[in-house]
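Note sheet for the following structure.
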Amino acid sequence: MTVDALPYTDFYKAKKGIWSWLFTLDHKRIALLYLYAIISFFLVGATLGILMRLELFQPGKDIIEPQTYNQIFTLHGVIMIFLFIIPSIPAIFGNFLLPLILGTDDVAFPKLNLLSFYLYVLGALFALSTLIFGDGPADTGWTFYAPYSVKTGTNVTMSVLAAFILGFSSILTGLNFIVTIHRLRTPGMGFNQMPLFSWALYATSWIQVLATPVIGITLLMIVAERVFGIGLFDPSIGGDPILYQHLFWIYSHPAVYIMALPAMGVVSEIIPTFAQRTIFGYKAIAYSSMAIAFIGYFVWGHHMFTSGMSGPAAIIFSILTFLVAIPTSIKVFNWLATLYKGSIVIDTPLLYALAFIFNFLIGGLTGLLLGALAADVHVHDTYFVVGHFHYVMFGGTGFAFFGALHYWFPKIWGRMYNKKVANTAFAIFLIGFNILYFPMLILGIMGMPRRYYDYLPEFTSLNQISTVGSWITVTGIILMLINLIVAARKGEKAPDNPWNGITLEWQTKSPPPLENFDKMPQIPEGGPYNFPNAYKHKH
Amino acid sequence: MDHTFHLPNSGHNFDAKSSKLGMWLFLYTELLLFGGLFLVYMVYRELNSEAFLLASFKLNVWMGTFNTVLLITSSMTIAMSITALQKGNKKLSVNLMWLTIIAALGFLVVKYFEWGAKFEHGLVPGMEHYDTLPMGERLYFYLYFFMTGLHGLHVIIGAIFILFVIRGVNKGTVTPERYSLSENAGLYWHLVDLVWIYLFPLFYLIH
Ligand code: HEM
Ligand SMILES: [Cu+2]
């Protein structure tokens, strides 16, 4: 491999000083600001998770008071959902790569992009301020269900306002991406020549724009109810707590796709590159993203089967939930078909993509069980649910996130990591992850309820296995991060296109110059994944 | 290396279509924000239709009607100001925008008196008299203050937005060739108007 020796100024060196970072309008720098913030919150959230698992190592109270435990799982949920997983792929990799894969030099509204980032920071400060001010972090669970969220003495107001502000940040990012995709594609690139990652971001952005405001207003109602002491959701003054649940899930179910679709987009980039083969069913993958986004609006009721809902409504929500599985499986089949007879190169990013498929499969199938009315009544609010959503969000999106980090690492930092260490870390992470969460599925079926600091003695051994799994998981994550940090500083110089990728970001330098391209990027002929040598390999 | 190369599709170019598309998307989010409230209104009105009717008699329909006329007129003046700007008549455009702002202030003044009367009668959440009202009427007034309050906030934001356009026209950044800011302010103002068109019958004209 040859490293392009021509001297040029990359975007790190183009401007200097701390202000050039804090007030940057460059989408690449904003992406990195997000990266550092989001990874930090992930580590905070993971620490809280480890603490919970330690408490659950044996029955009875070990290290945490019951009330503290309630606050920890709430803060863990709020951090992981609103500060980590929702912004993760769009705000970091979407920001860094969307302009690159579309062949342009920035998003449509660079100033708005910076504003989104500062709203994110403000929201994060609000969320963390509950640690210091008021009567401690909220103890309601991340769902803030009324009427408890109206009555509890803990600092729900600040946590809810944090979610409100973070929602705004998310809306503005989505808005920016939609306009960017409509207006800034390189000349000649139609919608159907876009890489699938931008299709995924496009679908995600629509959900961000069209679903987030509903939770915004709902959370404001909670704040008004707490601050002015009058209520819409508190039944003791005529309110309807079920109405709150509806409004909450009208956003929060689509939000699940804000988490999942970008991850699927990442996988759709990694797989063709490492199979060196055109993607199977481009349109099916692209349009299924839109289909998922659309159907995803109408399934929120599946979170409320046990809260009081008419029979027909429950049946309709259940059927619609099953329907979402169709476009999702379309994607999985297309990925597998792409790998079939491809010239597969097994490298770290591909391993993460395959782990995504594996974990997401478990998460998705357990989701079907939860979507089935009769089964859900039994496992609702048990550890089965906790296992399910960690498989989807952490095992799915989380793994895709780290896969994206390994895939685009050489582009972002211009250096390569130690692949052996990366693969070892991956293996530890994947094994640990499954030891951590698979027992939870069994515990849930056995009847262990979620959100308790204690449990019956018969659940002990599975809980201990799970806690040991949490140690293995963090070992893998720490090893992975150390490897990447070392590589970003001292790694071997990476070529511009180390994976032989074909989308436009690989046509520019690593790291890219400030303007991204110093000559017109060339769209691959015959489609975005038409690898010129693909078929030669096969025969 | 060639430093003079510039992408034709740069994100730093001025693009009127982008800013208009962005504005429309933003308006969708605003509609959904109010949409959540309308949903809540719908549910509680269904559950307490009698009480909502009784409570609505306590509003002043004439003030509400006056405000409706005021906002519809201001929607017209802002639309005219955009056309005036496009046709190159900057002075007329600025004057029409001032008229719009005056209408906005008029709306707020009327609202002030309306709300003031409610305070006097103790119909505001948290006041003693309010707590003695039947449940349905309490919900009605809670929603009334929440929704007209949020709308009033939008009136203020819209007026400030128009002030920015006036400044832009005077400074020469908004011109007959480059008028998308003025168009966007107009779009926003129509939204403010539109929301009121729904709020007015829902609160004042129940029967
Ligand atoms: C080191 C990694 C992690 C560990 C050890 C961990 C552990 C846990 C445990 C034990 C619970 C259940 C608490 C209970 O119901 O009593 C929980 C809840 C939860 N976790 Fe995690 N978790 C981790 C990572 C994540 C990630 C990456 C996400 C999201 C992407 C996440 C999202 C959540 C959410 C939303 C809840 C529900 C909180 C609530 O009940 O309100 N977790 N976690
Ligand atoms: Cu859901």
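Small disclaimer: the values here were computed from a predicted structure and weren't measured. The analysis underlying the following values was restricted to heavy atoms, covering all of them including side chains, and did not include hydrogens, waters or symmetry mates. In what follows, chains carry the letters A, B, and so on, assigned in the order in which the sequence lines appear, proteins first and then strands, with residues in each chain numbered from 1.
With a threshold of 4.5 angstrom between heavy atoms, A:L247 approaches chain B through side-chain atoms but not through N, CA, C or O. For B:V43, the part sitting under 4.5 Å from any heavy atom of chain A is the side chain, from C-beta outward, and nothing else. Of the two parts of A:L175, the backbone and the side chain both hold a non-hydrogen atom closer than 4.5 Å to a non-hydrogen atom of chain B. Heavy atoms closer than 4.5 Å to chain B are found in the side chain of A:P521, but not in its backbone. Contact of A:I171 with chain B is made through the side chain alone, with heavy-atom distances under 4.5 Å. For chain B, the nearby parts of A:V179 are the backbone and the side chain; heavy atoms of each come within less than 4.5 Å. If you measure heavy-atom distances from A:T186 to chain B, the contacts under 4.5 Å come from both the backbone and the side chain.
In terms of heavy-atom proximity, A:I250 sits nearest to B:L39 at CD1-CD2, 4.3 Å. When every heavy atom of A:P110 is checked against every heavy atom of B:H12, the shortest pair comes out as CG-CE1, 3.7 Å. Heavy atoms only, all atoms of each residue included: B:L33 and A:P213 are closest at CD1-O, 3.5 Å. For the residue pair A:D240 and B:Y44, the shortest heavy atom distance occurs at N-OH, 2.8 Å. Scanning all heavy atoms of the two residues, the minimum distance from B:L7 to A:E515 falls at CD1-O, 4.1 Å. The shortest heavy-atom contact between A:A224 and B:F146 is CB-CE1, 3.8 Å.
For A:F168, the CZ atom sits in a loose shell: 12 or fewer heavy atoms of surrounding residues, nucleotides or ligands are nearer than 6.0 Å. Annotation for B:F200: atom CZ counts as buried by contact number, over 12 foreign heavy atoms lying within 6.0 Å. By the neighbour-count criterion of 12 heavy atoms within 6.0 Å, atom NZ of B:K58 is densely surrounded, having more than that number from other residues, nucleotides or ligands. Within 6.0 Å of atom NZ in A:K13, 12 or fewer heavy atoms from other residues, nucleotides or ligands are found, so the atom counts as exposed in its surroundings. The number of heavy-atom neighbours closer than 6.0 Å to NZ of B:K20, taken from other residues, nucleotides and ligands shown, is 12 or below. Dense packing is recorded around CZ of A:F191, with more than 12 heavy atoms of other residues, nucleotides or ligands lying under 6.0 Å away.
Note that CD1 of A:I178 and OG of B:S18 are 12.5 Å apart. Values are rounded to the nearest 0.5 Å. Going from atom CG of B:L21 over to atom NE2 of A:H182 covers 6.0 Å, rounded to the nearest 0.5 Å. Atoms OG1 and CD1, from B:T29 and A:I217 in turn, are 11.0 Å apart once rounded to the nearest 0.5 Å. Taken from OG in B:S10 to CG in A:N516, the straight-line distance is 9.5 Å, to the nearest 0.5 Å.
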Walk me through whether B:L25 and A:W206 qualify under side-chain contact (heavy atoms from CB on, under 4.5 Å). CA-CA 9 Å; B:L25 290 171; A:W206 274 109; 3.4 Å; yes
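Counting heavy-atom pairs closer than 4.5 Å to chain A, the top-ranked of the candidates B:N48, B:N13, B:L37 is B:L37.
A:L232 has its side chain within reach of B:V40: a pair of non-hydrogen atoms, C-beta onward, lies under 4.5 Å apart.
Looking at A:D105, its side chain does come within 3.5 Å of a backbone N or O of B:G11 through a donor-acceptor pair. Side chain of B:N9 to main chain of A:G103: a donor-acceptor pair is present (N/O by atom type, distance under 3.5 Å, no hydrogens or angles).
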